[in-house]
Enquirer: 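Attaching a single structure in structure tokens format; questions to follow.
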Amino acid sequence: MTMEILVISVFSIFIMFALLSLHVSPCLPFTNFVFGDSLVDAGNNDYLFTLSKADSPPYGIDFAPSGGQPTGRFTNGRTISDIVGQAFGEMSFPPPYLAPNTTSNTILAGINYASGASGILDETGTLFIGRIPLREQINYFEQSRTTYMVSLMGERGTQKFLKKAIFSLTIGSNDVLNYFQPSIPFFGEDKVSPIMFQDFMVSNLTIQLKRLHELGARKFIVVGIGPLGCIPFVRALHLVPSGKCSVKVNTLIQGYNKKLSEVLDRLNQEMGPEAIFVYANSYDIVSGIILNHHQYGIENADDPCCGGYFPPFVCSKGNDANTSSVLCNDRSKYVFWDAYHPTEAANIIIANTLLNGDDRVSYPVNIRELYNYNP
Ligand SMILES: *[C@@H]1O[C@H](CO)[C@@H](O)[C@H](O)[C@H]1NC(C)=O
Ligand SMILES: *[C@@H]1O[C@H](CO)[C@@H](O)[C@H](O)[C@H]1NC(C)=O
Ligand SMILES: *[C@@H]1O[C@H](CO)[C@@H](O)[C@H](O)[C@H]1NC(C)=O
């Protein structure tokens, strides 16, 4: 065989493989519009004047794309929404809406509107000054729909594009935390009954879901509230011993989650099958992880890995202090990263459960099925 023929045949084999891989490629892009609080904020609060920021080490210490530098994520590594995106081959994460380099060019991955300290109710998070409440996050989505999408693809093209995208909402934790914090003047326990507070949250969230639907969203993941009565911050404040959770806080959350899942059932009946609303049962998933943590290779489900167990719960390296002094030895062995947020290790377990779990954890379908669903 001459060199030339060898080159040609190697080349044609290469082409054949390229065509073959094009043909079998499952690469439906994973477009995710992310709404929520610090559980999924990917850096929006870095652009706000706020006390709720994760812009200093050791936040991000295990986040490979930034080389371990902080990105504004409120954990050591990836958030649940990062991990889910990667499971579908997403190469770049939805950029924060407020980042100056977020443009029409980055729209294929989606956009992240989430903001630490924010809640369903506009008043939530006032103590932290800057934050983007859910209503405003959706105003921002409406703006980006016009400036980044309709201008690029036209109205019809935008509708087609949004029909395939996934809209996830991870919000409500801060509303509950504020409710139980007496220093906050708006909707304290003393002013509004737990039942009424749950109803405020659910009805306001429903309004925002309907707005998104009007703007073209069809595939929704609505994440319930996790067992906040078990997080280090709440346990310390309510003097709950280790291994136990605040019953009062968890009872309010379970009532809210039940009402939320009923509303989503109703929306599925009214708007399905052209739209689908998935309820993500983070309460049972996280409770299961805390209860059976040894089963998952986790050793500590009580203490935060970073910062103290007591107020003011600062997880920060400071100016000249040694990072290792504020950190636990093995981050992969803890459920909690700081007093409020899960570690990447816990986020991986939660994300995998939502991706592949049965209808007890993700209803009516799991996230893998939602991804393949064509409304
Ligand atoms: C946008 O800017 C941030 C911060 O400078 C950078 O980390 C990120 O890689 C940039 N993203 C794109 C798509 O250029
Ligand atoms: C929404 O929440 C507010 C309090 O922030 C409450 O006054 C209102 O009744 C709630 N429900 C609706 C449907 O707006
Ligand atoms: C940080 O602390 C560890 C253990 O206490 C020590 O081995 C290491 O040298 C310290 N690093 C710096 C930069 O001071």
Side-chain angles (χ1 to χ4, degrees), residues 33-41 44-45 48 50-52 113-143 167-217 220-226 228-229 234 248-272 275 277-280 282-283 340:
F33 293 98
V34 180
F35 303 86
D37 53 31
S38 57
L39 290 170
V40 288
D41 186 345
N44 282 308
N45 276 24
L48 298 179
T50 179
L51 302 177
S52 171
Y113 302 89
S115 165
S118 72
I120 296 170
L121 306 178
D122 292 341
E123 300 83 359
T124 291
T126 313
L127 218 57
F128 292 91
I129 311 171
R131 81 274 177 212
I132 315 167
L134 182 62
R135 179 210 309 272
E136 219 173 300
Q137 293 181 27
I138 292 165
N139 292 345
Y140 283 153
F141 170 73
E142 194 168 3
Q143 280 170 28
F167 288 72
S168 62
L169 295 92
T170 309
I171 194 124
S173 297
N174 291 316
D175 301 286
V176 171
L177 292 177
N178 279 204
Y179 181 73
F180 286 108
Q181 220 161 321
S183 57
I184 296 181
F186 295 97
F187 295 107
E189 287 177 86
D190 48 337
K191 301 192 185 66
V192 179
S193 75
I195 306 274
M196 198 167 182
F197 190 70
Q198 293 162 348
D199 292 340
F200 278 176
M201 288 174 67
V202 172
S203 60
N204 279 279
L205 177 55
T206 308
I207 291 171
Q208 302 310 325
L209 290 173
K210 289 187 172 161
R211 268 182 79 199
L212 280 175
H213 183 266
E214 267 165 37
L215 293 165
F220 294 85
I221 303 169
V222 186
V223 183
I225 303 177
L228 297 178
V234 169
K248 188 162 81 168
V249 173
N250 281 353
T251 302
L252 178 110
I253 292 169
Q254 284 176 301
Y256 163 82
N257 284 340
K258 182 159 183 292
K259 289 175 184 177
L260 173 63
S261 64
E262 285 163 4
V263 162
L264 298 179
D265 269 349
R266 209 162 57 235
L267 291 175
N268 277 322
Q269 279 160 23
E270 283 167 17
M271 298 178 181
F277 295 83
V278 172
Y279 171 66
S282 60
Y283 189 96
Y340 306 86

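Just so you know, ligand 1 is whichever comes first in the structure, and atom 1 is the first atom listed for that ligand. Just so you know, residue 1 is the first one in the sequence shown, and it goes up from there. All values below were derived from every heavy atom in this structure, side-chain atoms included, with hydrogens, water molecules and symmetry-related copies excluded.
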Enquirer: With atoms numbered from 1 as shown, which atoms in ligand 2 lie under 4.0 angstrom from a non-hydrogen atom of S203?
Expert: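 Contacts of ligand 2 toward S203, numbered from 1: 10 (C), 11 (N), 12 (C), 13 (C).
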Enquirer: Counting only heavy atoms, which portion of I207 has something under 4.0 Å from ligand 2: side chain, backbone, both, or neither?
Expert: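 The side chain, only.
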Enquirer: Going by side-chain contact (heavy atoms from CB on, under 4.5 Å), name the residues that satisfy it together with T206, two or more places apart in sequence or in a different chain.
Expert: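 Partners of T206 under the side-chain contact (heavy atoms from CB on, under 4.5 Å) test: V202, K210, V263.
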Enquirer: Could you check whether any side-chain heavy atom of Y179 comes within less than 4.5 Å of a side-chain heavy atom of V249, counting everything from C-beta outward?
Expert: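 With C-beta onward as the side chain, the pair stays apart.
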Enquirer: Determine the interplanar angle of the Y113 and F35 rings, folded into 0 to 90°, and report it as parallel if under 30°, tilted if 30 to 60°, perpendicular if over 60°.
Expert: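 Ring orientation of Y113 relative to F35: parallel.
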Enquirer: Under the rule for side-chain contact (heavy atoms from CB on, under 4.5 Å), what residues qualify as partners of E270, not counting sequence neighbours?
Expert: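 R266, L267.
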Enquirer: Mark up the atoms of ligand 2 that fall under 4.0 Å of a heavy atom belonging to E123, in ascending order.
Expert: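 Checking each atom against E123, I get 5 (O).
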Enquirer: Using a 4.0 Å cut-off to any heavy atom of L121, which atoms of ligand 2 qualify?
Expert: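 By the 4.0 Å cutoff, the relevant atoms are 2 (O), 5 (O).
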